[in-house]
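Have a look at the structure below before the remarks.
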Amino acid sequence: MALVALGVTGGIGAYKSVDVARRLQQVGHDVTAVMTAAACRFVGPLTFEAITRRPVITDQFAPGANADIEHISLASRIALLIVAPATANVIGKLANGIADDFLSSMYLATRAPVLIAPAMNSNMLEHPSVQRNLARLSEQGVRFVEPGEGYLACGWTGKGRLAEPAEIVAASRQLLSPDGRLVGRTLLVTAGPTCEDLDPVRYLGNRSTGRMGFAVAAEALARGARVRLVVGPTPLEPPAGAEVTRVRSAREMHQAVLECAEGADAVVMAAAVADYAPADGARPGKIRKGSGALTMRFERTPDILSELGRRRAGAALPVLVGFAAETQDLVQRARDKLREKQVDLVVANDVSLPDRGFAADTNAATLVTAEGEEDVPLGTKRALAAVLLDRMETLIHAPVAS
Ligand code: C5P
């Protein structure tokens, strides 16, 4: 079966983690326990060693464990990393790329799926910092087993108790043998803004960060798809495993998308593509300021999605998905786009509210198809991506009408 790393951090739920290790082993997995210093104060490493019949890792710099840089070596061999219980502190470290012990270093080094079971006091769980860190991890593709409600060790009653070991093991089973609903399929996703250079110094851009497109790409990868990602300028890292083409302008994105769409089963245009670019291209020298107004002429950029819609001309594939970032008449405008661009689905996104759309970690949207509308409530962008891909899978797998 699989090699699983079980990260144990310093919460009272650490004792339940022994049962997680035992259950994983019962179904045939090899388990290596990785304990933080705080975890060792709650449960003795010997307990995990006896259960897993493997040395327990408690120290990044333990003599004898560095011959093959153990955190990298283990990171590349495991099929799954589980962190149960995950304290607010460790969640914060993982979400922010801090690598000051074995577990947090291994999190950065591994490309295996990661499953986190948070456990903490309910006020800590609800704190905006913790919620932001959880959302960030979710964006990175981490899966969660939600904490349960009930009596907490601190004497409170509320949400925050470590999920039951059986639940954690059930969730890990899904990640160890993914359903692979998109295995053998290729998705092209665009993400981020485009920048239209005005001169060597200035450009016309927009507020897109690429988060939504990256969430779609990460979710498609998790479902086994091959993912081509065409990305406009953004400082964010695309998900590991995607084949990335970087572009700057709408014109470059147009060219890259047409090339990458070849043989794709679906195209998701999540990028915010500029509608206008300077008519004669960027000025070669810096535009000097004068005393009066500045006038520049802009021309329309090619509408990439419309072109894909025209090229597909009635065929079932590729499934085409557009995004409609609007500030008013959301659904009506999305419906117009669905028709005008000849696409299968438009994700209508209200970008006038602070907790959705550009740069936010969360999003809410209405999925508009020829059949009707579906509201997806506010949640992480990854959660919206999961609903979107569920709907797209139905279209991708739909039998071709004869
Ligand atoms: O027409 P509008 O720009 O509002 O449509 C938005 C959708 O069309 C998005 O999916 C965006 O990626 C795509 N688009 C495009 N080419 C453009 C402009 C937008 O493919 N030039």
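Counting starts at 1 for both ligands and their atoms, following the listed order.
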Do any N or O atoms from the side chain of T301 and from the backbone of A277 form a donor-acceptor pair under 3.5 angstrom?
no

query: Any salt bridge between E126 and K159, counting N to O under 4.0 Å?
result: no

Note to self: Considering both backbone and side-chain atoms of K337, is one of its nitrogen or oxygen atoms within less than 3.5 Å of a nitrogen or oxygen in ligand 1?
What the structure shows: yes

Residues D197, R202: salt bridge by 4.0 Å N-O rule: no

Just by modelled atom types, is the E196 backbone N or O under 3.5 Å from a matching donor or acceptor in the S249 side chain?
no

Geometry only, no angles: is F323 polar-contacting ligand 1 at N/O separations under 3.5 Å?
yes

Ligand 1 atoms nearer than 4.0 angstrom to some heavy atom of D275 are 3 (O), 18 (C)

TODO: Give a yes or no on whether a salt bridge exists between R223 and D390, defined as a side-chain N under 4.0 angstrom from a carboxylate O.
DONE: yes

Pair R161 + E149, salt bridge at N-O below 4.0 Å: no

Any heavy atom of R333 under 4.0 Å from ligand 1? The part involved is neither

- Query: Can you check whether V321 has an N/O within less than 3.5 Å of an N/O in ligand 1?
  - Reply: no

Return a yes/no value for A270: is any of its N or O atoms, backbone included, closer than 3.5 angstrom to an N or O of ligand 1? no

For T301, the ligand 1 atoms with a heavy-atom partner under 4.0 Å come out as 21 (N)

K16/E164 ion pair, N-O < 4.0 Å: yes

### Message
Between R226 and E243, does any side-chain N to carboxylate O distance fall below 4.0 Å?
### Response
yes

For atom 14 (N) of ligand 1, the closest protein heavy atom turns out to be V273 CG2, 4.0 Å

Among non-hydrogen protein atoms, atom 1 (O) of ligand 1 lies closest to K341 NZ, 2.9 Å

Here the atoms of ligand 1 under 4.0 Å from any heavy atom belonging to M269 are 9 (C), 10 (O), 12 (O), 15 (C), 20 (O)

In this structure, atom 16 (N) of ligand 1 is nearest to the protein heavy atom I304 N, 3.0 Å

Does ligand 1 come near enough to L305 that some N or O of the ligand is less than 3.5 Å from an N or O of the residue? yes

Near P302 (heavy-atom distance under 4.0 Å), the atoms of ligand 1 are 16 (N), 17 (C), 21 (N)

### Message
Under 3.5 Å between any N/O of G322 and any N/O of ligand 1: does that happen in this structure?
### Response
no

Self-check item: N/O separation below 3.5 Å, A271 to ligand 1
Solution: yes

Next item on the list: Consider every N or O of E326 and every N or O of ligand 1, then say whether any pair is closer than 3.5 Å.
Entry: no

Are R335 and E373 within salt-bridge range, i.e. N to O under 4.0 Å? yes

Item to complete: With salt bridge (charged side-chain N to carboxylate O under 4.0 Å, His left out) as the test, would you mind laying out the steps for R283 and D199 before giving the verdict?
Response: CA-CA 5 Å; R283 306 264 178 99; D199 68 12; over 6 Å; no

Going through the distances and angles, do R312 and D344 end up as a salt bridge (charged side-chain N to carboxylate O under 4.0 Å, His left out)? CA-CA 11 Å; R312 182 177 62 164; D344 303 291; 2.6 Å; yes

Short version for T190: what comes under 4.0 Å of ligand 1, heavy atoms counted, is neither

